[in-house]
Amino acid sequence: MSSGNGQQHGAGGDDAGPPEQLALIREAVRQAKAPRAKPRTWRGAALAEDLPVARVLVDKGVLHLDRYFDYAVPEELDAVARPGVRVRVRFGAGARTVRDGRREGGGLIDGFLVERVAESDYTGPLAALAQVVSPEPVLSPELLDLARAVADRYAGSLADVLQLAVPPRHARAEATEMGPPPAPPAAPDPASWRRYARGLEFLRSLASGGAPRAVWTALPGPWWAEEIARAVQATLASGRGALVVVPAGRPAARVDAALRTLLGDGQHALLTADAGQERRYREWLAIRRGAVRAVVGTRAAMFAPVRDLGLVVVWDDGDSSHSDDNAPFPHVREVLELRASRDKCAFLLGGWSCTVEAAQLVESGWAAPLAADREQVRAAAPLVRTVGDQDLARDEAARAARLPTLAWEAVREGLRRGPVLVQVPRRGYVPRLACAQCRAPARCRHCAGPLAAQDAGELRCGWCGREESAWHCPECGGFRLRAQVVGARRTAEELGRAFPAVPVRTSGREQVLDTVPDAPALVVSTPGAEPVAEGGYTAALLLDGWAMLGRPDLRAGEEALRRWIGAGALVRPQSAGGTVVVVAEPTLRPVQALVRWDPVGHAVRELAERAELGFPPVSRMAAVSGPAGAVMDFLAGAGLPPDAEVLGPVPVPVTEAGRPRRTGGPPPGERWERALIRVPPGSGAALASALKTALAARMARGGSGGSEAVRIRIDPPEIG
DNA sequence: AGCACGCCGACT
DNA sequence: GTCGGCGTGCTC
């Protein structure tokens, strides 16, 4: 097991960068002009005797205010003005001293008291804290440190991160008395962890206060939630706290149930998005005050102020809901990596599948693999069979019924013994172009971005915008392209009609089924919405192959495999008759990985390829978007690291009036463009820092900012 | 983002 | 003289 030695790794290890240069220069000039000032404030006011200066972070997300401001601490607020409390202060250029010495103008705004110090670097007279909102020290030094690291990693402001990390105050919740922490449980019986080669070792390390870091490839089946609960139990037994982040409410409920079974009530809290403000704040406070030592929740829980944190867990890090959709868009996996490094606690990244980022954590030595051997995998996984184009062509019956014989038989056979899952694609996937002969995705020969057909019919790169007039396939030499379309939904409907005696249940975006009984039924579901079948599905039919693999996204292969494995993991093992039929070309890498049930192998190969092509996560990318002209203007003056490479800009599709706007997209009717900047491994922090400094300067200078504002997103989620 | 300060043109 | 245009810069 790798333990917390701060080893470097590509994803988050390069976190030292030049800080707020502008602020530093300004500060230096000031100090040259005037020596350090005693806290001078308005005439005759009584100040706190000890440490009369409060450093305050004003709660405004704007980057050029992303530093501390000093305020005087009046004597009467001395006792409550502790580090970490919420305060209100007068802030703004309008503030001025008037006759009686009071300051007015510049409205009252919220902030956090970060630190009490003896004197201020500021030469002017200090304004006084207007109010201490509550004595509850919500911003602990650890949380502040983490929030700053996240802000730096994502080129965002500290205030923006704190908005995600500290829930809004609720006075009634704050008044609640909370009991002492419950006694730690005994170390767990490792139970199903025995199936993993180093499972026992991992649990033992947790129980004895160690900080192992592991990428865990969970065996298919329902045991993962209990295994996470046992890891939590082991950590609690060592006298430390634990934090588990899962992608959605349903998996959160599973882990919650497992924890309740194992630990009883009162040891843990469940933090999900659907709770009201009061309840959320109450739970959050209980955690901060140490009345609760373990937490399971969805992404907002990644900042939960668990006392004496011993373990962080992220389940299924490939799920897109692990990306926060508020600025600066931090990802759960990255945040928990930062927490594990800073708090020197254990780290467990688990899933049935394996992301490229997870593979990178192992490759770099930052985390150790935690996987079962092939024999265990074979015992737990279903049999996987494929139906490719050649089979379809040979299959007379398939052409008539639109469904291959093999799939047909698997369904009929499965329905005799229990429920059968049919996975169909969600609507709205945009297929990308691929070689008509070998299906290799069509990529730009210049930057390897995805090629797309324009309205006029010409080919253009989605990243750098270059036109491609003479494409040919580098894999097989073919020169014809095709975009795949699927009719899987109709196939599923036809399937239902073919077995009229069997009930058809559907689960999708609008209505997600949680479980289905252990009885014959056709369960039609979109990826991610699959109900759990008590006792497992007898078979699964994966009809979304082309829709998944054809998406114009770098992650299409990985994502297809993740979703297939997610469905396959709900099917009975092969030994119990479980079968998966995937309608996709058997020569494709993700399909082969599914057949072998080898998500790690797939991720490792994908990682090698990404390294070769200069793709994330090996390289780090940032997207800069804004009004036409503003983007390149901004980048020209941004002082990017010398090894940074600018791709594009390309036009961003115009948001149609009345259409819902995608996060970070242009306002309706405006013409925007987007450039990608990529840097080699190790320069990620320098890139984020350069972009942040440049944006702060631009906002401070540009004043209104409105029409010239650009948006920055580190690790853009969809890169063609 | 607000808001004041400042340095030019038209006004009572 | 003085009111007010909004360009520029600061906010403890």
Side-chain angles (χ1 to χ4, degrees), chain A residues 20-31 33-43 45 47-48 51-75 77-78 81 83 85-99 101-133 139 156-160 162-163 326-328 626-627 630 637 667 692-712:
Chain A
E20 312 297 314
Q21 286 162 346
L22 294 175
L24 283 180
I25 291 165
R26 224 177 283 135
E27 221 51 51
V29 169
R30 230 172 234 148
Q31 286 184 39
K33 273 196 288 211
R36 290 188 146 215
K38 277 274 164 200
R40 214 154 38 83
T41 182
W42 20 276
R43 212 183 319 155
L47 293 184
L51 305 178
V53 176
R55 318 210 78 189
V56 171
L57 178 83
V58 296
D59 195 10
K60 283 204 159 206
V62 267
L63 269 179
H64 50 285
L65 297 180
D66 197 22
R67 57 204 174 90
Y68 302 142
F69 289 87
D70 290 348
Y71 285 82
V73 181
E75 196 173 32
L77 293 182
D78 184 28
V85 298
R86 297 179 211 257
V87 293
R88 311 202 79 198
V89 293
R90 292 224 171 261
F91 188 81
R96 74 208 116 96
T97 312
V98 292
R99 286 161 305 281
R102 302 233 154 246
R103 285 173 72 84
E104 59 179 36
L108 277 177
I109 67 166
D110 292 316
F112 294 96
L113 198 165
V114 164
E115 195 185 0
R116 290 276 299 266
V117 290
E119 40 185 44
S120 172
D121 292 342
Y122 186 63
T123 54
L126 296 184
L129 294 178
Q131 189 192 346
V132 171
V133 176
L139 185 58
S157 72
L158 185 55
D160 275 348
L162 288 178
Q163 203 128 41
N326 286 301
K692 187 169 166 173
T693 308
L695 187 60
R698 187 184 182 83
M699 298 306 281
R701 184 155 24 84
S704 69
S707 69
E708 291 303 291
V710 297
R711 300 233 173 86
I712 293 172

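Both backbone and side-chain heavy atoms feed into the values below; hydrogens, waters and symmetry mates do not. Residue numbers begin at 1 in each chain, while the letters A, B, ... track the order of the sequences.
Atom NZ in K60(A) sits roughly 17 Å away from atom P in dC10(C) (whole-Å rounding). Atom CG in L126(A) sits about 12 Å away from atom P in dT11(C), given to the nearest Å. With rounding to whole Å, L65(A) atom CG is found 14 Å from dC3(B) atom P. Note: CZ (R698(A)) to C1' (dT8(C)) measures 16 Å, nearest angstrom. We find that CG of D121(A) is positioned 16 Å from P of dC12(C), with the value rounded to whole Å. Atom CG of D66(A) and atom C1' of dC12(C) are 15 Å apart (whole Å). The CD1-P distance, from I109(A) to dC10(C), rounds to 18 Å in whole Å. Atom pair R55(A):CZ and dC12(C):C1' shows a separation of 10 Å (rounding to whole Å applied).
Y122(A) places no side-chain N or O within donor-acceptor distance of the main-chain N or O of Y71(A), the cut-off being under 3.5 Å.
Looking at residues two or more places apart in sequence or on another chain, you find no ring-ring contact (aromatic ring centres under 6.0 Å, His included) involving Y68(A). E115(A) is linked by a side-chain contact (heavy atoms from CB on, under 4.5 Å) to R55(A), V117(A), counting only residues two or more places apart in sequence or in another chain.
Looking at L57(A), D59(A), V87(A), V56(A) one by one, the single match for side-chain contact (heavy atoms from CB on, under 4.5 Å) with D110(A) turns out to be D59(A).
With its ring centre under 5.5 Å from that of the base six-membered ring and a plane angle below 30°, Y122(A) counts as stacked on dC12(C).
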